[in-house]
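Reviewing the structure listed below.
Nothing here was measured: the structure is a model prediction, and the numbers come from that model.
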Amino acid sequence: MSTDHRAGVLSIGDVARQTGIGVHALRFYERNELLVDPIERTPGGRRVYSETDVEWLTVCVKLRESGMPLAELRRFAALVRQRPGNEPDRLCLLQEHERRVRAQLASISECLEVITGKVEIYRRHVDTGATTDPWLSDGPGEA
């Protein structure tokens, strides 16, 4: 089934291409209640998605890529499915995830500083043609 732009209907393959989520993963998301709306089916039983589904899945991809556990994503989806009235709960969930992601970014930034320093030490070593081992010659913690 191909995209029907007039009706905003997308096949599972279309959605996989747009979101970067494989077909099997899309089925996994559906089975594990990670979607907000039920996925419609054609009379022949093929799944059809809307642009709203694609938008939701795009957010899901970013939440998962940033380390949100499936249980938390499932909870978020359940809250959204309940419709208006639980926004403070959604906000709390997202703020907690944001806090964790910011902590991860800070840690990664510290790691990058160390790596960048090591790259510079070894770049200088290689560029100058030094014959000593940079690990031994630059002092403790330098190489």
Side-chain angles (χ1 to χ4, degrees), residues 1-5 7-42 45-143:
M1 178 176 187
S2 63
T3 306
D4 180 349
H5 292 287
V9 173
L10 303 165
S11 73
I12 196 167
D14 294 330
V15 174
R17 281 187 292 281
Q18 287 186 33
T19 62
I21 301 173
V23 169
H24 294 294
L26 287 168
R27 291 180 186 128
F28 173 87
Y29 271 58
E30 185 179 356
R31 278 191 316 272
N32 285 275
E33 301 177 348
L34 298 171
L35 301 176
V36 174
D37 296 314
I39 300 303
E40 301 294 324
R41 293 193 180 249
T42 66
R46 293 182 182 264
R47 289 169 175 84
V48 289
Y49 296 81
S50 68
E51 287 299 330
T52 302
D53 296 322
V54 172
E55 291 170 15
W56 173 258
L57 287 163
T58 300
V59 170
C60 287
V61 167
K62 295 307 176 192
L63 292 173
R64 288 294 294 143
E65 283 180 359
S66 62
M68 181 178 275
L70 282 174
E72 219 170 277
L73 183 55
R74 190 176 294 115
R75 172 82 177 122
F76 185 56
L79 289 168
V80 173
R81 271 194 303 276
Q82 292 172 10
R83 303 299 182 216
N86 59 24
E87 289 81 3
D89 294 329
R90 296 182 208 180
L91 175 61
C92 183
L93 191 147
L94 290 171
Q95 285 176 322
E96 179 59 25
H97 184 62
E98 179 185 39
R99 184 198 60 73
R100 285 191 311 266
V101 170
R102 288 188 185 282
Q104 289 171 348
L105 284 171
S107 177
I108 291 289
S109 182
E110 289 174 16
C111 293
L112 182 58
E113 286 179 30
V114 169
I115 294 165
T116 299
K118 299 304 175 199
V119 165
E120 185 54 34
I121 288 167
Y122 281 90
R123 180 176 289 129
R124 273 194 318 260
H125 182 79
V126 170
D127 288 349
T128 63
T131 57
T132 58
D133 186 337
W135 188 258
L136 301 174
S137 63
D138 286 330
E142 291 295 316

Handout entry: More than 12 heavy atoms of other groups within 6.0 Å of Arg41 CZ
Key = yes
Exercise for the section: Nearest 0.5 Å please: distance from the CD1 atom of Ile108 over to the CD atom of Glu110. Expected result: 10.0 Å
Problem - From NE2 (His125) to CH2 (Trp135), nearest 0.5 Å - result: 13.5 Å
Practice task
Indicate the atoms forming the closest heavy-atom contact of Ile39 with Arg47, along with that distance.
Solution key: CG2-CB, 3.7 Å
Problem - Ionic contact status for Glu96 with Arg99, cut-off 4.0 Å - result: yes
Exercise for the section: Measure the shortest side-chain to side-chain distance between Leu10 and Glu51 over non-hydrogen atoms and say whether it is less than 4.5 angstrom. Expected result: yes
Please list, one pair per line, the donor and acceptor atoms closer than 3.5 Å that link side chains of residues 55-67 to other protein atoms, with sequence neighbours excluded.
unit_1 : atom_1 : unit_2 : atom_2 : d
Trp56  : NE1    : Leu34  : O      : 2.8
Thr58  : OG1    : Val54  : O      : 2.8
Lys62  : NZ     : Glu65  : OE1    : 3.4
Arg64  : NH1    : Met68  : O      : 2.5
Ser66  : OG     : Lys62  : O      : 2.8
Ser66  : OG     : Leu63  : O      : 2.9
Ser66  : OG     : His97  : NE2    : 2.7

Practice task
Determine whether more than 12 heavy atoms belonging to other residues, nucleotides or ligands lie under 6.0 Å from atom CD of Gln104.
Solution key: yes
Problem - Thr116 side-chain N/O to Leu112 backbone N/O, donor-acceptor pair under 3.5 Å - result: yes
Please table the atom pairs, donor to acceptor, closer than 3.5 Å between any side-chain atom in residues 69-89 and protein atoms at least two apart or in another chain.
unit_1 : atom_1 : unit_2 : atom_2 : d
Glu72  : OE1    : Arg100 : NH2    : 3.3
Glu72  : OE2    : Arg100 : NH2    : 2.7
Arg74  : NE     : Asn32  : O      : 2.9
Arg81  : NH1    : Glu33  : O      : 3.3
Arg81  : NH1    : Leu35  : O      : 2.5
Gln82  : OE1    : Asn86  : ND2    : 3.0
Arg83  : NH2    : Asp37  : OD1    : 2.6
Asn86  : OD1    : Arg90  : NE     : 2.7
Asn86  : OD1    : Arg90  : NH2    : 3.1
Asn86  : ND2    : Leu79  : O      : 2.8
Glu87  : OE1    : Gly85  : N      : 2.9
Glu87  : OE2    : Gly85  : N      : 3.4

Problem - Trace of the side-chain contact (heavy atoms from CB on, under 4.5 Å) decision for Val15 with Leu26 - result: CA-CA 8 Å; Val15 174; Leu26 287 168; 3.9 Å; yes
Handout entry: Pair Asp14 + Arg17, salt bridge at N-O below 4.0 Å
Key = yes
Fill in the blank from the handout: Rounded to the nearest 0.5 Å, the CG atom of Asp53 sits from the CD1 atom of Ile12 at a distance of 11.0 Å
Practice task
Looking only at non-hydrogen atoms, find the nearest pair between Gly22 and Ala16 and report the distance.
Solution key: C-CB, 4.4 Å
